[in-house]
Trainee: 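There's a structure below that I have some questions on.
The chains referred to below are lettered A, B, ... by the order of the sequence lines, with proteins before strands, and numbering in each begins at 1. Hydrogens, waters and symmetry mates play no part in the numbers below; they use all other heavy atoms, side chains included.
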There are 2 protein chains.
Amino acid sequence: MAEVRTSTSPGSFEVTEPAGERDRWDVFQWDAREDCEVRQILDRIADKWSLLVISLLEERTMRFNELRRAIDGISQRMLTVTLRNLERDGLVCRTVYAEVPPRVEYCLSPLGRTLLGTIQSLVRWTEEHQEEIVRARAEFDDAAG
Amino acid sequence: MAEVRTSTSPGSFEVTEPAGERDRWDVFQWDAREDCEVRQILDRIADKWSLLVISLLEERTMRFNELRRAIDGISQRMLTVTLRNLERDGLVCRTVYAEVPPRVEYCLSPLGRTLLGTIQSLVRWTEEHQEEIVRARAEFDDAAG
DNA sequence: CGGAATCCTAGTGGATACTG
DNA sequence: CAGTATCCACTAGGATTCCG
């Protein structure tokens, strides 16, 4: 086990967690211990393709090619990789039916469901504020020449 | 201007927006028009460094090196790039004080503030569920050999 | 159908050094 | 202090081909 840091957590202003016996890390610290899992996880969840996949799986189970078609522009490789990672992280369940032709279905795990609200609000925010951002960009760009 | 698609949006199951006169796109479609802004924006917001920066700027304005120290492990280059992008997107405000030595402060814009809740819930989720995910990974990995 | 494997390129991002 | 600039390793990710 990595030794317990005496919590000089630089980022969070006195979050005051009882420094003893923590196996949990905040996203602002980084060192080599366990390959910095928290950051990895944040990176995985905050991934464009992951967000879209999870978002789509809200209402129902979907098949591979169904997801592929639903997410316009995703390559087969990236969908494969994304789904695999989400499955590994326990966010998505994969079910293979022993049929010919093969059928594979993906759905959200209970853990995945706990993320759903947040993710959808992120996606919704993006859709709702796109014009503002495009406008801000234009303004910034021509101010800077 | 890109012509308005007649909305064969494949991803969203009948979101039923009044197809006429929309300048807004959903994140599931993709084609060349305007370099696919929505996706770009989603990608920017759902970026590890962006999330951390915005999260930190919740309570107060911060200076460059202050942010640098707060986000353990971020390179100076990435902080520069991230801040620049966030500023360009109108999410963060940059204020330069004409002093020696120079002082530059960053804070959230009103638009940035509308994102804050969502982002923090994402960050919090990550911190809270890290053990579960680490466990899921271990399980997956040794099931697969 | 649902992938896995290979190849290959554009971009990400760290390290380092220099500047106003 | 708050950057910019350069170099460079690494990898993300598209295109293509093959497989059970």
Trainee: Is it true that B:Glu66 and B:Arg60 have a side-chain N and a carboxylate O under 4.0 angstrom from each other?
Mentor: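 The answer is yes: the pair qualifies as a salt bridge.
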Trainee: Return the nearest nucleotide to the side chain of B:Phe64; candidates are C:dG3, C:dG14, D:dA2.
Mentor: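 So the nucleotide nearest the side chain must be D:dA2.
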Trainee: Do B:Arg124 and B:Glu128 sit within salt-bridge range, that is, some charged N less than 4.0 Å from a carboxylate O?
Mentor: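 No.
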Trainee: Is any side-chain N or O of A:Arg84 closer than 4.0 Å to OP1 or OP2 of C:dA4?
Mentor: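 Indeed, a polar side-chain atom of A:Arg84 lies that close.
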Trainee: Between A:Arg77 (CZ) and D:dA12 (P), how many Å, whole number?
Mentor: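 Rounded to the whole Å, the gap is 9 Å.
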Trainee: Check this for me: A:Arg113, atom CZ, are more than 12 non-hydrogen atoms of other residues, nucleotides or ligands nearer than 6.0 Å?
Mentor: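 Yes - once you tally the heavy atoms of other residues, nucleotides and ligands closer than 6.0 Å, there are more than 12.
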Trainee: Keeping the roles fixed (side chain from B:Glu127, backbone from A:Val27), state whether a donor-acceptor pair exists under 3.5 Å.
Mentor: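 Present.
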Trainee: Report yes if a donor N or O on one partner sits less than 3.5 Å from an acceptor N or O on the other, where the partners are the side chain of B:Glu105 and the base of D:dA2; otherwise report no.
Mentor: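 No, the side chain and the base share no sub-3.5 Å donor-acceptor pair.
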Trainee: Which of the following nucleotides, C:dG13, D:dG14, C:dG3, is nearest to the side chain of A:Thr80?
Mentor: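 From the listed options, C:dG3 comes nearest.
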Trainee: Just how far, in rounded Å, is P of D:dA2 from CD1 of B:Ile71?
Mentor: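 Interatomic distance, CD1 of B:Ile71 to P of D:dA2: 14 Å.
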Trainee: Is the distance from OP1 or OP2 of C:dC1 to the nearest side-chain N or O of A:Arg63 less than 4.0 Å?
Mentor: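 For C:dC1, neither OP1 nor OP2 has a side-chain N or O of A:Arg63 closer than 4.0 Å.
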Trainee: Using whole Å, report how far CD1 of B:Ile74 lies from C1' of D:dA2.
Mentor: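 Going from CD1 in B:Ile74 over to C1' in D:dA2 covers 14 Å.
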Trainee: Is it true that A:Glu105 and A:Arg103 have a side-chain N and a carboxylate O under 4.0 angstrom from each other?
Mentor: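 Judged by the 4.0 Å cut-off on N to carboxylate O distance, A:Glu105 and A:Arg103 do form a salt bridge.
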Trainee: Rounded to whole Å, please give me the gap between CG in A:Leu83 and P in C:dC1.
Mentor: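 Roughly 16 Å, once rounded to whole Å.
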Trainee: Any chance the side chains of A:Thr118 and B:Ser121 put a donor and an acceptor closer than 3.5 Å?
Mentor: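 Side chains of A:Thr118 and B:Ser121: pair found under 3.5 Å.
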Trainee: Let me know, please, whether A:Glu66 or A:Asp43 comes out on the 5' side of the other along DNA chain C by nearest nucleotide.
Mentor: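 Result: A:Glu66.
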Trainee: Return the value, rounded to whole Å, for the distance between atom CE of A:Met78 and atom P of C:dG3.
Mentor: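 Result: 15 Å.
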Trainee: Is any side-chain nitrogen or oxygen of B:Arg94 closer than 4.0 Å to OP1 or OP2 of D:dA2?
Mentor: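 The answer is no; no side-chain N or O of B:Arg94 sits under 4.0 Å from OP1 or OP2.
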Trainee: Is B:Tyr106 close enough to D:dG3 that one of its side-chain N or O atoms is under 4.0 Å from OP1 or OP2 there?
Mentor: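 For D:dG3, OP1 or OP2 has a side-chain N or O of B:Tyr106 closer than 4.0 Å.
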Trainee: When you get a sec, tell me which of D:dG14, C:dG14, D:dC1 is the closest nucleotide to the side chain of A:Trp49?
Mentor: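 Among the listed nucleotides, the one closest to the side chain of A:Trp49 is D:dG14.
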Trainee: Just how far, in rounded Å, is P of C:dG3 from CG of A:Leu67?
Mentor: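 Rounded to whole Å, this separation is 10 Å.
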Trainee: Tell me the interatomic distance from A:Arg68, atom CZ, to D:dG13, atom C1', rounded to whole angstroms.
Mentor: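 Those two atoms, CZ and C1', are 13 Å apart.
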Trainee: Hey, are the side chains of B:Tyr106 and B:Thr95 touching, using non-hydrogen atoms and a 4.5 Å cut-off?
Mentor: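 In short, these two side chains do not touch, never coming nearer than 4.5 Å.
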Trainee: Between atom CD in B:Gln76 and atom C1' in D:dA2, what is the gap in whole Å?
Mentor: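 Whole-Å distance recorded here is 8 Å.
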Trainee: Please report how far the helix from C:dC1-D:dG20 to C:dG20-D:dC1 bends, comparing the axis fitted to its first five pairs with the axis fitted to its last five, to the nearest 10 degrees.
Mentor: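 The angle, to the nearest 10 degrees, is 50°.
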Trainee: Side chains of A:Gln130 and A:Arg135: is there a donor and an acceptor less than 3.5 Å apart?
Mentor: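 Their side chains do not contain a donor-acceptor pair, so the 3.5 Å distance test is not met.
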Trainee: Which one, D:dG3, D:dC1, D:dG14, comes nearest to the side chain of B:Val104?
Mentor: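 Comparing D:dG3, D:dC1, D:dG14 against the side chain of B:Val104, the answer is D:dG3.
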